[in-house]
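I have placed the structure first, in the form of structure tokens, so that the comments after it can refer back to it.
Numbers restart at 1 for each chain; the letters A, B, ... are given by sequence-line order, proteins then strands. Note that this is a predicted model, so its numbers are computed, not measured.
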2 protein chains.
Amino acid sequence: MSNSKFKYEEIIESIKHKISTNVYKDNDPLPSETALCAEYGASRITVRKAISVLLSEGHLYSIQGKGNYIKNVKKNKFSMRYSCKTIFNNGYDEAKLISSSLVTPDVYMVYNLNIAPNERVVALKWLIYEDGLPIAYDEKYLPYFAGINISEKSLKYKDFSDLVKNKISVYEMYQDLRIKGVNADADVAEKLRIPVGSILMLVELNVYDQSGLPFGWGKLYILPDKTRFFARTE
Amino acid sequence: MSNSKFKYEEIIESIKHKISTNVYKDNDPLPSETALCAEYGASRITVRKAISVLLSEGHLYSIQGKGNYIKNVKKNKFSMRYSCKTIFNNGYDEAKLISSSLVTPDVYMVYNLNIAPNERVVALKWLIYEDGLPIAYDEKYLPYFAGINISEKSLKYKDFSDLVKNKISVYEMYQDLRIKGVNADADVAEKLRIPVGSILMLVELNVYDQSGLPFGWGKLYILPDKTRFFARTE
DNA sequence: CAGTGGTCTAGACCACATT
DNA sequence: ATGTGGTCTAGACCACTGG
């Protein structure tokens, strides 16, 4: 029956089995740690090791002073990787920086970067090519205080996290990503040499520091057959 | 300096600080656990508690018999929730099962369900409505052995994981999700009452058991302005 | 072989929640 | 006051790695 090598693995297996056979139901209290020690003939540390795994996997939740409780696993949490290296089906041959400038924000920048209308915004625009043809158009906006040097000639195409990593620790950064299907407007259509109204995938990215202050906003338009998004349950 | 309440939190904070200030670089070995005990004046269990947190957060990796090593956090891992309850911007009013039948598989079903051409496939098709108008079209395919009762009148619109949850434990299931932009073909266009060639968001879902055996394949076509995908770094 | 991480123990004290 | 989970300790043995 049991394939587990260690005592704590057997406890995990047993508890998972009791959850999946409805012996333990959602929000039921797990037996107390001392009770589990007796049930499995293990020390409290071993029991807690098992519980810590189940906690980290999301099968339990704890309330100090009360107990550990069953949390029904919803199998709807997916994880995906997103980076400029992986977003294109076949990668890309080159990325050209077509402009880097200090601009007056429009309403979208004021909204997404949470800045005052009189502040300035660093705007970076790239075209990404495959086989000599543009396959994607990338706009990135950063508040001027984020400290990017726009005269920098070495502005290689890179992810937001790399762009700002010297200004903000990766531990103090989080990102929101939104995927939509949109129709190309005149500007983007011309840049990508496609008819106005063609469908494009739009990936918007907002970068924040730990306190929630926006550090960047990006829009990436991609020809729909040049990209795909892939996510998997954890 | 330190806001941490507990000794193990201070150790975590200290190690994270050394990573972000490049004292510890990618793939550097962390000092041995006994060395860390001495450095922080803590027992091995407390040191291991800190290390276990850093391991679970992906800042370290371990090789038994060798040591613990620094893993540079790539901030490109996003997590998203996907379920038929949350995928629509404004939810949906109703979902009509428009057909449930046993069909002979086409090449895509043979491929995605990894079945033989002479096996049978359960096909379920739904239309999802908002304000009386169709906003999405859902096709789900399951190998016949998956044991869904197609005559079941109570085939409510639900996620794959709910559809098969009595046949397969949630602990033995994983799902792959792919998002694409596509042009509506004649069949889908007619069902959704839109012009052929209109852009649609296509969400494909493959469900597997733990051994990798396919348990289901689904295609969900959604009007692009009725949905959005949202992911956040962990 | 020595050094490393992985598991496991008994026992202690604290913070929190309920009665 | 009692029971709960949360932290911490010292000490032991095992499995794995490398020289």
How would DNA chain C look in dot-bracket form, 5' to 3', counting Watson-Crick and G-U wobble pairs with both distances under 3.5 Å and writing | for bases paired to another strand?
-> ||||||||||||||||||.
Rounded to the nearest angstrom, tell me the gap between atom [atom1] in [X] and atom [atom2] in [N].
| X | N | atom1 | atom2 | result |
| --- | --- | --- | --- | --- |
| B:K49 | D:dG5 | NZ | P | 14 Å |
| B:I45 | C:dT7 | CD1 | C1' | 10 Å |
| A:Y69 | D:dT4 | OH | P | 11 Å |
| A:F6 | C:dG5 | CZ | P | 16 Å |
| B:I51 | D:dT7 | CD1 | C1' | 17 Å |
| B:K7 | C:dC14 | NZ | C1' | 14 Å |
| A:N68 | C:dA17 | CG | P | 14 Å |
| A:L55 | D:dT4 | CG | C1' | 14 Å |

Any B:Y8 side-chain N or O less than 4.0 Å from OP1/OP2 of D:dC8 =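 The answer is no; no side-chain N or O of B:Y8 sits under 4.0 Å from OP1 or OP2.
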Does a nitrogen or oxygen in the side chain of A:T46 sit under 4.0 Å from OP1 or OP2 of C:dT7?
-> no
Within a reach of under 6.0 Å around OH of B:Y108, are more than 12 heavy atoms found that belong to other residues, nucleotides or ligands?
-> no
Please identify each residue that fulfils side chain to side chain contact (heavy atoms under 4.5 Å, CB included) with A:A95, with sequence neighbours left out.
->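 Only A:Y92, A:W126, A:I128, A:Y157 meet the side chain to side chain contact (heavy atoms under 4.5 Å, CB included) criterion with A:A95.
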Does the side chain of [Y] come within less than 4.5 Å of [X]'s, by heavy atoms?
| X | Y | value |
| --- | --- | --- |
| A:S62 | A:L55 | yes |
| B:Y82 | B:T86 | no |
| B:I70 | B:K25 | no |

Any chance you could measure B:N68, atom CG, to B:L54, atom CG, to the nearest 0.5 Å?
->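 One finds 9.5 Å between CG of B:N68 and CG of B:L54.
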Quick one: salt bridge (charged side-chain N to carboxylate O under 4.0 Å, His left out) partners of B:D138, sequence neighbours excluded?
-> B:K140
Can you list the residues that meet the salt bridge (charged side-chain N to carboxylate O under 4.0 Å, His left out) rule with B:K85, with sequence neighbours excluded?
->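 Scan of B:K85 (salt bridge (charged side-chain N to carboxylate O under 4.0 Å, His left out), adjacent residues dropped) gives none.
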Minimum-distance pair of heavy atoms, taken over all atoms of A:N76 and A:F78 |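 Between these two residues, the closest heavy atoms are O-CD1, 3.5 Å.
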Using a heavy-atom distance cut-off of less than 4.0 Å, which residues of residues 31-42 of chain A contact DNA chain D?
->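 Result for residues 31-42 of chain A: A:S32, A:E33, A:T34, sorted by number.
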cation_pi(A:K96, A:Y129) dist<6.0 Å, angle<=45 | yes
B:S43 has its side chain closest, among D:dC8, D:dG6, C:dC8, to D:dC8
Winner on side-chain proximity to A:R48, out of C:dT7, D:dT7, D:dC8, is D:dT7
B:K16 bridged to B:E57 by N-O distance under 4.0 Å | yes
Determine, for nucleotides 12-19 of chain D in 5'-to-3' order, which nucleotides have protein heavy atoms under 4.0 Å from the base (write B), from only the sugar-phosphate (write S), or from neither (write -).
-> B--BBSS-
